[in-house]
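One structure is given below, encoded as structure tokens.
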There are 2 protein chains.
Amino acid sequence: MKKPTIKDVAKLAGVSFKTVSRVVNGESCVSEQVKNKVQLCIEQLNYQPNRTAQVMRRAPKSIAFVYDNPNSHYVIEMQNGILSECRKKGFELVIHPTDSHSEQVKKDLASMIGTNLIGGVILTPPLSENNQLITYLLNLDAKVVRILSGSQAPDNLSPTIYVDDINAGQKITNHLLTCGHKRIAFIGHQPSHMSSEGRLTGYRKALATSSIQIDENIILPGEFTFESGVEMTNKLMEKKPRPTAIFACNDEIAAGAIFAARLRNLRVPEDISIVGFEDSPFSRQTWPKLTTVHQPNADIAAKAAAFLIDLMLDVPCAKPKSYGFQLDLVERDSVFQLAD
Amino acid sequence: MKKPTIKDVAKLAGVSFKTVSRVVNGESCVSEQVKNKVQLCIEQLNYQPNRTAQVMRRAPKSIAFVYDNPNSHYVIEMQNGILSECRKKGFELVIHPTDSHSEQVKKDLASMIGTNLIGGVILTPPLSENNQLITYLLNLDAKVVRILSGSQAPDNLSPTIYVDDINAGQKITNHLLTCGHKRIAFIGHQPSHMSSEGRLTGYRKALATSSIQIDENIILPGEFTFESGVEMTNKLMEKKPRPTAIFACNDEIAAGAIFAARLRNLRVPEDISIVGFEDSPFSRQTWPKLTTVHQPNADIAAKAAAFLIDLMLDVPCAKPKSYGFQLDLVERDSVFQLAD
DNA sequence: AATTAACATGACAACGTTGACAAACAATTT
DNA sequence: AAATTGTTTGTCAACGTTGTCATGTTAATT
């Protein structure tokens with residue numbers, strides 16, 4: 001029941017084990033005849049090269065996905081995107097949830113890299129905004145690709161996948177404006193969170209190009225959670241005059257906003273329009289369904305993985321590349337067209 | 001910049017590399033004095049044993065989590081539970097989403113095992129119900145732990161973590177009964193799905209011990225999705241007399257049921273009570289919040305991982321062990337107490 | 001026919017670790 | 001003091017692969 005090795009194949013085929021190695025790795029300089037014979041023996045024994053031994057002579061074929069994010073949809077979509085790319089290229093994925101506030105991340109990653117377990121890392125916000133961490137990993141000889149919010153890569157420390165939250169925030173705010181809304185609140189602002197910041201910047205830009213004055217009183221800070229959405233909306237509903245629309249910084253907050261509005265016997269969207277951001281499964285499971293911005297997480301992650309794997313395989317492209325994603329609006333049922 | 005090896009440490013400490021190996025692995029038979037010196041050198045060089053080389057001499061210290069489940073909360077919770085156990089024991093996790101209907105799973109797993117990448121597998125439903133797959137993996141010399149629905153392990157092919165859906169289904173049905181409901185529908189039955197089957201069995205048991213006749217017309221088959229919940233509830237609302245309560249097979253279906261009821265201007269729970277199953281984040285984000293059954297996915301998964309790791313480490317326990325989980329009711333706001 | 005080049009194959013070391021065994025040393029018993 | 005035991009340390013092979021280099025074979029050129 002022991003696993004066949006390259007030597008078993010060689011013995012069966014009557015060639016040296018090095019020749020088998022050549023066949024396995026598709027090197028040239030092997031005659032058709034021998035190649036066929038070896039291939040036959042490989043199938044007969046169901047031989048599979050021992051990855052561990054391969055990695056010892058070459059380089060790790062595993063990457064790590066490091067995240068600090070309570071949003072399971074986001075994580076799963078990212079993970080699936082990365083995985084699909086890994087499968088194509090014969091790489092493996094090591095998952096590493098973490099607490100970005102602790103120094104532990106650094107230690108854990110250093111250990112995975114130092115022990116030759118992985119050769120590269122995909123970083124998502126807020127980890128991806130930590131240049132100190134990135135430099136540290138780079139010094140450890142690891143490859144790094146980061147996913148960031150922004151309309152361009154901030155530097156060329158490492159290849160970057162950037163997602164244009166600013167533009168998307170502007171788009172969805174413009175949509176509300178077009179529907180006749182004049183008093184639009186923004187909830188879920190987190191100054192330390194680049195995506196949140198970007199969405200707010202887009203909101204401000206859109207209002208700035210309209211004739212509407214920005215009212216800082218209806219821009220509320222808060223977490224990216226349902227509970228926080230409820231809380232912020234409660235606060236908001238006390239303001240006079242009451243906003244006619246709410247731009248929630250993500251779908252979960254938006255779901256909370258709907259819940260809170262409902263508790264006050266307000267109709268959504270007739271009495272209050274609410275938009276989300278991300279197009280998570282949530283947005284289709286609220287009542288009414290959310291108008292939101294589609295964020296193709298799996299595609300974003302796949303792109304990051306593709307970059308990382310290229311980097312590890314040393315595809316001749318010395319300079320770190322970067323790539324940007326623009327996001328699209330998806331109109332559903334949570335925005336009311338005001339008559340006027 | 002090259003990573004230090006055991007030999008570098010040995011040279012620095014002035015001992016043989018084998019002695020360093022002994023210190024690293026905490027073997028006895030090393031004098032305090034030498035041990036301390038070596039330890040100092042290890043720290044100085046920041047030496048970390050090369051996992052790849054270790055695995056070559058010992059056994060893989062990675063396990064795979066294989067799932068075929070569209071429910072991200074479930075997957076993430078499972079994953080986190082497994083990961084927490086892996087961390088403790090110094091194991092790594094390889095993630096493997098799959099399509100259980102394809103033969104590909106078998107091939108992929110065979111490859112991961114055959115190439116020495118992993119040494120064990122955690123299987124969730126429906127993969128865990130596939131005895132043919134389990135036997136296949138066992139023949140490949142892999143260790144297997146499966147997570148199943150049931151009130152006991154069905155056989156001792158492999159250690160099993162079983163979750164008592166029957167008992168839980170009975171509990172929550174009894175809760176509805178206690179609240180005075182006499183016409184209770186069951187939606188989301190999937191005959192091929194053991195959990196679903198178990199929950200329905202619990203429902204039947206509960207009704208059987210009450211004086212209420214089971215009406216097969218209000219037991220509806222369907223998928224575990226929001227959309228299916230909407231659809232089934234629409235059908236249900238046509239039945240005469242209309243049920244006063246719905247037992248949805250999971251929270252997502254229940255969320256769909258609430259949505260559908262709402263569209264018909266029915267109040268939840270006053271006009272119709274709805275319960276879910278799983279206690280996913282969903283259940284706290286519907287309006288009203290769902291009464292449901294708490295399923296401690298992370299704990300279940302952690303237990304499975306602990307079993308698997310024990311198995312791989314050959315902790316002397318020849319016979320496969322098994323472990324069962326009982327589930328508890330969580331009462332929230334979606335059940336109405338009928339007066340009578 | 002002899003020389004060269006190109007191709008095909010094989011021998012062997014190396015990767016960094018652990019396990020089996022042997023050697024050296026110290027402590028205890030005869 | 002010699003013999004026995006036990007503890008500490010070292011030597012070497014092995015794990016399964018790939019890289020380097022040498023050798024053998026064939027075809028092309030002189």
Side-chain angles (χ1 to χ4, degrees), chain A residues 2-39 41-42 45-62 90 111-117 119 141 313-314, chain B residues 2-39 41-42 45-62 90 111-117 119 141 313-314:
Chain A
K2 257 198 106 255
K3 288 162 196 160
T5 75
I6 206 168
K7 291 186 182 170
D8 297 322
V9 178
K11 197 176 290 173
L12 184 65
V15 296
S16 81
F17 69 94
K18 178 70 233 207
T19 301
V20 178
S21 168
R22 276 193 260 263
V23 174
V24 170
N25 292 55
E27 287 170 40
S28 54
C29 293
V30 181
S31 68
E32 275 309 307
Q33 195 189 346
V34 173
K35 193 147 99 184
N36 289 337
K37 188 169 59 179
V38 171
Q39 228 128 31
C41 294
I42 288 177
L45 293 181
N46 189 28
Y47 164 75
Q48 295 174 306
N50 181 323
R51 269 182 102 101
T52 313
Q54 279 182 325
V55 169
M56 265 202 42
R57 300 293 294 150
R58 307 232 233 234
K61 287 185 82 176
S62 296
S111 154
M112 292 200 280
I113 294 161
T115 60
N116 231 33
L117 201 92
D141 251 353
L313 259 26
D314 228 351
Chain B
K2 256 198 106 251
K3 287 163 195 160
T5 74
I6 205 168
K7 290 186 182 170
D8 297 321
V9 178
K11 198 176 290 175
L12 184 67
V15 295
S16 81
F17 70 95
K18 178 71 233 206
T19 302
V20 178
S21 168
R22 277 193 259 263
V23 174
V24 170
N25 293 54
E27 287 169 41
S28 55
C29 293
V30 182
S31 69
E32 276 310 304
Q33 195 189 347
V34 174
K35 193 148 99 186
N36 289 336
K37 188 169 54 179
V38 170
Q39 227 127 32
C41 295
I42 288 177
L45 294 181
N46 190 27
Y47 164 75
Q48 294 174 306
N50 181 324
R51 267 183 104 99
T52 313
Q54 278 182 326
V55 168
M56 268 205 35
R57 298 292 297 154
R58 306 229 232 234
K61 287 186 82 175
S62 296
S111 155
M112 292 199 281
I113 295 161
T115 60
N116 231 33
L117 200 95
D141 253 353
L313 259 26
D314 228 351

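By convention in this document, chain letters (A, B, ...) are assigned in the order of the sequence lines, proteins followed by strands, and residues within each chain are numbered from 1.
Listed in residue order, the members of residues 32-39 of chain B having a heavy atom less than 4.0 Å from DNA chain C come to none. Across residues 15-27 of chain B, B/V15, B/S16, B/F17, B/K18, B/T19, B/R22 each have a non-hydrogen atom less than 4.0 Å from an atom of DNA chain D (numbered order).
The minimum heavy-atom distance between B/P4 and B/Y47, with the atom names listed, is O-CD1, 3.4 Å.
Counting only distance, with no hydrogens or angles, the side chain of B/N25 and the backbone of B/R22 share no donor-acceptor pair below 3.5 Å. The backbone N or O of A/N116 sits nowhere less than 3.5 Å from a side-chain atom of B/K3 that would complete a donor-acceptor pair. The closest donor-acceptor contact from the side chain of A/T19 to the backbone of A/V15 lies at 3.5 Å or more, if one exists at all.
A 6.0 Å sphere centred on CD of B/E27 holds more than 12 heavy atoms belonging to other residues, nucleotides or ligands.
Here the side chains of B/V20 and B/I6 are in contact, with some heavy-atom distance below 4.5 Å. Side-chain contact check for B/V55 versus B/T52: every heavy-atom pair is 4.5 Å or farther apart. Counting heavy atoms from C-beta on, the side chains of A/D8 and A/L12 never come closer than 4.5 Å.
You'll find that the side chain of B/S31 is closest to D/dT8, out of D/dG16, C/dT17, D/dT8.
Note on B/R51: every side-chain N or O is 4.0 Å or more away from OP1 and OP2 of C/dT17. Using a 4.0 Å cut-off, no side-chain N or O of B/Q54 falls inside it from OP1 or OP2 of C/dG16.
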Bracket string, DNA chain D, 5' to 3' - pairs by Watson-Crick or G-U geometry under 3.5 Å, | interstrand: ||||||||||||||||||||||||||||||
